[in-house]
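Reckoned from all heavy atoms, side chains included, excluding hydrogens, waters and symmetry mates.
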Amino acid sequence: MNELQDMCYSYSVTSSDKTIIYNLLKKASDNYYGYASPDFCGKPVFSDDAVQTAEEAQVNDAAPQQSPLTLEKITEKIHNCTRCGLAPTRTNTVPGMGVPHPDVLVIGEGPGEQEDKQGLPFVGPAGQLLDKMLAAIQLDRNVNCYIANIVKCRPPYNRTPNPDEANMCRPFLDAQIHLLKPGMILCAGRTAAQNLLHIDTPLSRIRGTFYDYNGIPVLATYHPSALLREPANKRYAWEDLKLFKSKLLECRPDYAKGFTERG
């Protein structure tokens, strides 16, 4: 996107035209990210030719800059969100938790009862199983992972989030991924995978195949809650985890270092 900004300085056109082009690019970038684009900050002053005067350069340097987007700001926006019908019934929002620059981002469906009470993801029985699954391949939410959900508020009775709810929450998840820049993404369950990847393929056909999210490898496996209901599927989940680990070693060969030191 910076190359597109540079175009505004490369041709002998009027400052008005350059401002129009800049604003159009900024709007497109804002729509792409789902929030104020980090690629377009401040209010540059354009001249009528390709070369700025020293005075204009000083104005640009002195122009107030937008403060950069952070996980803390996303969390605040999530806490204040009332976009969909899940807001009135929640006890707490559940933005996510983990390390700021994770090797792996784990994405689930949505908060359950315990998550809603504590404001933390995967802390109930399913969360305990998830921690064991991650530990089996040297992953830990406090060492090299970040855990989030498709929706940040608990759907009543733990039902599946409807499309409108997922769409309303999607900008938050996209912003988190943009800032976290994980090496890989592990989707826990059908709902997480289908919503992240914009597909309607059943989990039986999704798992075992790597997908791509903006250059990040994505693999789906069973949600821990499903494994608690159907323990026989744990052996298939273990196959998924081994496949995931093999790919992760290619992307981040030293990912388990912190886990080993912690252990």
Restricting to non-hydrogen atoms, name the atom on [X] and the atom on [Y] that form the minimum distance, rounded to 0.1 Å.
X      : Y      : result
Cys81  : Ala87  : O-CB, 3.8 Å
Thr209 : Arg205 : OG1-O, 4.4 Å
Leu139 : Cys145 : CB-SG, 3.6 Å
Pro155 : Pro161 : CG-CG, 4.1 Å
Gly119 : Pro95  : O-CD, 4.3 Å
Gly208 : Asp240 : N-OD1, 4.0 Å

Atom pair [atom1] ([X]) and [atom2] ([Y]), whose distance is rounded to the nearest 0.5 Å:
X      : Y      : atom1 : atom2 : value
Trp238 : Leu227 : CH2   : CG    : 13.0 Å
Ser225 : Phe122 : OG    : CZ    : 7.0 Å
Glu109 : Asn195 : CD    : CG    : 8.5 Å
Cys169 : Ile78  : SG    : CD1   : 7.0 Å
Ile107 : Leu186 : CD1   : CG    : 9.0 Å
Leu71  : His101 : CG    : NE2   : 8.0 Å

Ignoring hydrogens and angles, tell me if any N or O in the side chain of [X] forms a donor-acceptor pair with the backbone of [Y] under 3.5 Å.
X      : Y      : answer
Arg207 : Thr221 : no
Ser246 : Leu243 : no
Arg141 : Pro121 : yes
Asn92  : Lys117 : yes
Glu115 : Val123 : yes
Asp212 : Gly215 : yes
Lys73  : Pro68  : yes
Arg190 : Ala220 : no
Asn144 : Gln138 : yes
Glu165 : Asn162 : yes

Over 12 non-hydrogen atoms of neighbours within 6.0 angstrom of OH in Tyr236: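 For Tyr236, atom OH is not crowded (no more than 12 foreign heavy atoms under 6.0 Å).
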Glu239 atom CD, over 12 foreign heavy atoms within 6.0 Å: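 Yes, CD of Glu239 has more than 12 neighbouring heavy atoms, counting only those of other groups under 6.0 Å.
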Given the rule in the side chain to side chain contact (heavy atoms under 4.5 Å, CB included) test, do Arg154 and Glu113 qualify, once you have shown the distances and angles that lead to the verdict? CA-CA 7 Å; Arg154 181 195 180 193; Glu113 181 180 6; 3.8 Å; yes
Could you tell me whether the side chain of [Y] reaches within less than 4.5 Å of the side chain of [X], counting heavy atoms only?
X      : Y      : result
Asn80  : Thr93  : no
Asp174 : Asn214 : no
Asn149 : Val151 : no
Pro156 : Leu86  : yes
Val99  : Tyr146 : no
Ile206 : Cys187 : no
Pro125 : Leu228 : yes
Ile177 : Ile216 : yes

Do [X] and [Y] sit in one hydrophobic cluster, given that two such residues count as connected whenever their side-chain heavy atoms are within less than 4.5 Å of each other, even indirectly?
X      : Y      : answer
Met97  : Leu134 : no
Leu120 : Leu180 : no
Leu69  : Leu105 : yes
Leu173 : Leu179 : yes
Met133 : Tyr255 : yes

Could you go through Val94 and Asp116, starting from their C-alpha distance and side-chain angles, then the distance that decides it, and tell me whether this counts as side chain to side chain contact (heavy atoms under 4.5 Å, CB included)? CA-CA 7 Å; Val94 185; Asp116 180 54; 5.6 Å; no
Might you work through the salt bridge (charged side-chain N to carboxylate O under 4.0 Å, His left out) test for Glu250 and Lys245, ending with a clear yes or no? CA-CA 9 Å; Glu250 297 177 13; Lys245 179 181 179 180; over 6 Å; no
Determine, stepwise, if the pair His198 / Tyr211 fulfils ring pair (Phe, Tyr, Trp, His ring centres under 6.0 Å). CA-CA 11 Å; His198 296 297; Tyr211 290 80; over 10 Å; no
Side chain to side chain contact (heavy atoms under 4.5 Å, CB included) for Ile74 and Gln176? Distances and angles first, verdict last. CA-CA 7 Å; Ile74 296 173; Gln176 287 175 319; 4.1 Å; yes
Do Lys152 and Phe172 meet the cation-pi criteria used here (NZ or CZ under 6.0 Å from the six-membered ring centre, within 45° of the axis)?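 No, cation not above the ring by the 6.0 Å, 45° rule.
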Intermediate values then yes/no, side chain to side chain contact (heavy atoms under 4.5 Å, CB included), Leu203 and Tyr222: CA-CA 8 Å; Leu203 181 62; Tyr222 292 93; 3.9 Å; yes
